[in-house]
Amino acid sequence: MSTPPVVTRFAPSPTGHLHIGGARSALFCWAFAKRHAGKFMLRIEDTDAARSSVESARGIIEDLEWLGIHNDLGPYLAPDGSIAQRDWPDGRVGTFFQAQRVPIYDRELERLVRLGRAYPAFDTPEETEAQRAAAAAAKQTYRYPRPAEIEFGVFNPALEARWARAKAGERHVVRFAAPREEIVVHDRVLGDVRIAAGELDDFVIRKADGFPTYHFAVVVDDESMGVTHVLRAQEHLANTPRHVALQRALGYPTPVYGHMPIICNMDGSKMSKRDKAKVARQFLSDTIKKGATTASAASADTGVAPADLAAFLAKENDSNEIAAKIASRFGLTLPEIEVADFRASGYLPAAICNYLALLGWNPGLKTPDGKDLEKFDMAFLAQHFSLERIGKQNSKFDRAKLLSFNADAIAAMPDADFRAAWASWLGDKAIHGDAGVATLRPVLDIVRDARRGAWLVTAIKARAKTLRGAYDSCKNWLVRPDDSKSFAPAAVEKHLKANNGQGAALLRAFATRLAACDPFDPPTIHALIDAFVKEHALPNPGPIAQAVRVAVAGEPVTPGLGETLAVLGKSSVLARITRCLEALAS
RNA sequence: GGCCCCGUCGUCUAGCCCGGUCUAGGACACUACCCUUUCACGGUAGGGACAUGGGUUCGAAUCCCAUCGGGGUCACCA
């Protein structure tokens, strides 16, 4: 007998950008499918009509593509920018957007009703809410009380009457008649998880707006789309018994489950999209408390309506937009939570995937020199991923380690690849707008320039930890006006004025040599420096190198001088040195 | 609070299933020194963990129990 092909799925709800935790779920599902020569599916869970949007779905699809997590089934971005999809050869799915699958859910739901396993309920939200509150006040666990007239597993006259009322259009929800039996989930990561009989209550499977709830849609779709393995975060573990109960009632097989640990902040709380709002809110209320601004001034500064800002401060919403506006107005850095955040910060997809793979999973292999194997690519993951090696405990997201992985990934890149990645990052930034937009364009132009770009890349790549870092480390001296008179005072003191102006004197002498330097390229400039050092019997190149740095960049920190000066070009370098000497004299 | 999951350096983890090879290994971070034209890289060294208490055993990080601690979840969100 042949084992059925493995089909995993990632099923986000399109209510925002792809969360980093979601990215890891997708990565593991992808890797597992690849490892078993199966298929990885993307499904869009947009049954929350109010919060879902196609733009979000598109964004999530883009983020997955960018990460290099490609799906075999489900929606993808066509070359013309539209959302296309790949179905099974027999076209059994039709659409992977749940909101468009309502007839399928309705059909299965009616089947459940006629089986006596689901029933319409006509309570208003207020009524159930009041009951819940009363139970909470009495310190009791609230479970929806099944009406006495409902007989488990029997489509009796009372149920038939309810069904008729529902069909006639009376406002209602449909609830599942949960079994009163122990449910055991055989989890491939956690082992058997037992839920005692009576723990499940009659939860809602179809909302008053006619859309299925998550539980129902998931169960129906996993079956109808051919999903064999469900790998998701542990936050879903508590839902699994409901899903198993539903599958049994519907006569479906139960897929293999594996619940992976949750990704947390360094403080141990679950990493959440709200964290950005939290940071911004905290910052703004502190600033107001200190008297540095007022709510109305902040509202005017950020362009957020006073009422919206007040609601935000009162924790009535966690709008990422408002958080972003506050951050940009006050120069506050928000934590990266979503894939798009990390992308904007200049992280490489390969480094993100590598780091993510290590969060809750480990290959358990050693490198030839006996160290733990930690650096690997997607192909390795696709070959070695296994459920057995997924850990059970939650892990904290350590940005310092991600940063280190990213720096290593950049260092390992061929210059040409780095240059392309950097140019594309700069281009994205220039298009989407950024605080440093004024310097973005010129830097991008230099990166694209054949000779200067190549020199810049050699100068920058080795010391860059992120693409943003690469940009930050050169934008100031690169776009510095040749007639700028701003020089870091302490550096001027130390490298130009000290020892009776030794630095300035050396600089003056060196400028003459530079003027005669030809070709003006890194090796020639390096040779020039070496010769200059020997000639002046300097103990090391420090005195002249630092003097040049201050004169040319205005500060004592730049990449290697050969590349730095070459990129700038002879006339610019000479003009800056002249300007610096003038400034010194006055 | 009910239910569920988890508990090895600050963090991610190897080791645990199949007790001895563990005076517990690696990575990131940190500290010191070296290298060095600044920054970064690189090199060397260092501090740093089996949550606690009981068992079982000749022997426990590894098996069992309890306690404590952390997390998740309790919607007509997913």
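Protein chains get the first letters and strands the later ones, always in sequence-line order, with residue 1 at the start of each. Atom set for the values below is all heavy atoms of this structure, side chains included, hydrogens, waters and symmetry mates excluded.
- Salt-bridge check for A/Asp415 with A/Lys461: passed, with a basic side-chain N closer than 4.0 Å to an acidic carboxylate O.
- Ion pair A/Lys167/A/Glu110 flagged as a salt bridge, since at least one NZ, NE, NH1 or NH2 atom sits closer than 4.0 Å to an Asp/Glu carboxylate oxygen.
- Between A/Thr367 and B/G26 there is no side-chain polar atom (N or O) within less than 4.0 angstrom of OP1 or OP2.
- When Watson-Crick and G-U wobble pairs are counted only if both distances are under 3.5 Å, B/C17 pairs with no nucleotide at all.
- Regarding contacts with the backbone of B/U13, every side-chain N or O of A/Arg389 stays at 4.0 angstrom or more from both OP1 and OP2.
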I'd like to know whether A/Gln98 forms a side-chain hydrogen bond (donor to acceptor under 3.5 Å, both in side chains) with A/Asp221, so could you lay out the CA-CA distance, the side-chain angles of the two residues, the decisive distance to 0.1 Å, and finally the verdict.
CA-CA 8 Å; A/Gln98 290 186 328; A/Asp221 281 346; 2.9 Å; yes
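- Under 3.5 Å, the side chain of A/Asn394 and the base of B/G72 form no donor-acceptor pair of N or O atoms.
- Listed candidates were B/C12, B/A78, B/G26. Nearest to the side chain of A/Lys371 is B/G26.
- At a threshold of 4.0 Å, the pair A/Arg132-A/Glu129 counts as salt-bridged, since one of the basic side-chain nitrogens sits closer than that to a carboxylate oxygen.
- In terms of phosphate contacts, A/Lys270 brings no side-chain nitrogen or oxygen within less than 4.0 Å of OP1 or OP2 of B/G72.
- A/Lys465 has a side-chain polar atom (N or O) that falls below the 4.0 Å cut-off from OP1 or OP2 of B/C41.
- We find the CG-NE2 distance between A/Leu507 and A/His495 to be 12.5 Å, quoted to the nearest 0.5 Å.
- Remark: the A/His495 side chain and the B/U37 base include no donor-acceptor N/O pair separated by less than 3.5 Å.
- Taking the side chain of A/Val557 as heavy atoms from C-beta on, and the options B/C76, B/U38, B/A78, the nearest nucleotide is B/U38.
- When both pairing distances are held under 3.5 Å, B/C3 makes a Watson-Crick or G-U pair with B/G72.
- Base pairing of B/U11: its partner is B/A27, meeting the Watson-Crick or G-U wobble criterion (both donor-acceptor distances under 3.5 Å).
- When the side-chain nitrogen and oxygen atoms of A/Arg175 are compared with OP1 and OP2 of B/C76, one or more of them lie within a distance under 4.0 Å.
- Distance check on atom C1': B/A49 versus B/G7 gives 12 Å, rounded to whole Å.
- Minimum atom distance to the side chain of A/Ala238 is reached by B/U73, of the listed B/C76, B/U73, B/G71.
- Between the side chain of A/Glu374 and the base of B/G26, a donor-acceptor pair under 3.5 Å is found.
- By the 6.0 Å and 45° rule, A/Arg389 does not stack over the aromatic ring of A/Phe28.
- Between the base of B/A27 and the side chain of A/Lys401 there is a donor-acceptor pair shorter than 3.5 Å.
- Going from atom CG of A/Leu237 over to atom C1' of B/G72 covers 8 Å, rounded to whole Å.
- Interface remark: the A/Arg463 side chain does not form any donor-acceptor pair with the B/C41 base, using a distance-only criterion of under 3.5 Å.
- Atom-to-atom distance recorded for A/Ser56:OG and A/Ile61:CD1 is 10.5 Å, nearest 0.5 angstrom.
- In this structure, A/Phe397 atom CZ and B/A29 atom C1' are separated by 15 Å, rounded to whole Å.
- Of the candidate nucleotides B/U37, B/G72, B/A78, B/G72 has the atom lying nearest to any side-chain atom of A/Ile262.
- For A/Thr141, whose side chain is taken as the heavy atoms from C-beta onward, the closest listed nucleotide among B/C12, B/A14, B/G2 is B/G2.
- Atom CG of A/Asp398 is separated from atom C1' of B/C30 by 12 Å (rounded to the nearest Å).
- Taking atom CD1 on A/Ile183 and atom P on B/C4, their separation rounds to 13 Å, with Å as the unit.
- Between A/Arg194 and the phosphate of B/C4, there is no side-chain N or O to OP1/OP2 separation shorter than 4.0 Å.
- Here B/U13 is the nucleotide among B/A78, B/U13, B/U38 with the atom lying nearest to any side-chain atom of A/Ser395.
- Close to B/C5, at under 4.0 Å from its OP1 or OP2, lies no side-chain N or O of A/Lys392.
- Phosphate contact (OP1/OP2 of B/U8, side-chain N/O of A/Gln393, threshold under 4.0 Å): present.
- Counting only heavy atoms from C-beta on, A/Gln546 has its side chain closest to B/U38 among B/U38, B/U37, B/C28.
- Taking a pair to require two hydrogen-bonding distances under 3.5 Å in either a Watson-Crick or a G-U wobble arrangement, B/G42 pairs with B/C34.
- Rounded to whole angstrom, the span from the CD atom of A/Glu235 across to the C1' atom of B/A75 amounts to 15 Å.
- Taking side-chain N and O atoms only, A/Thr15 has no distance below 4.0 Å to OP1 or OP2 of B/A78.
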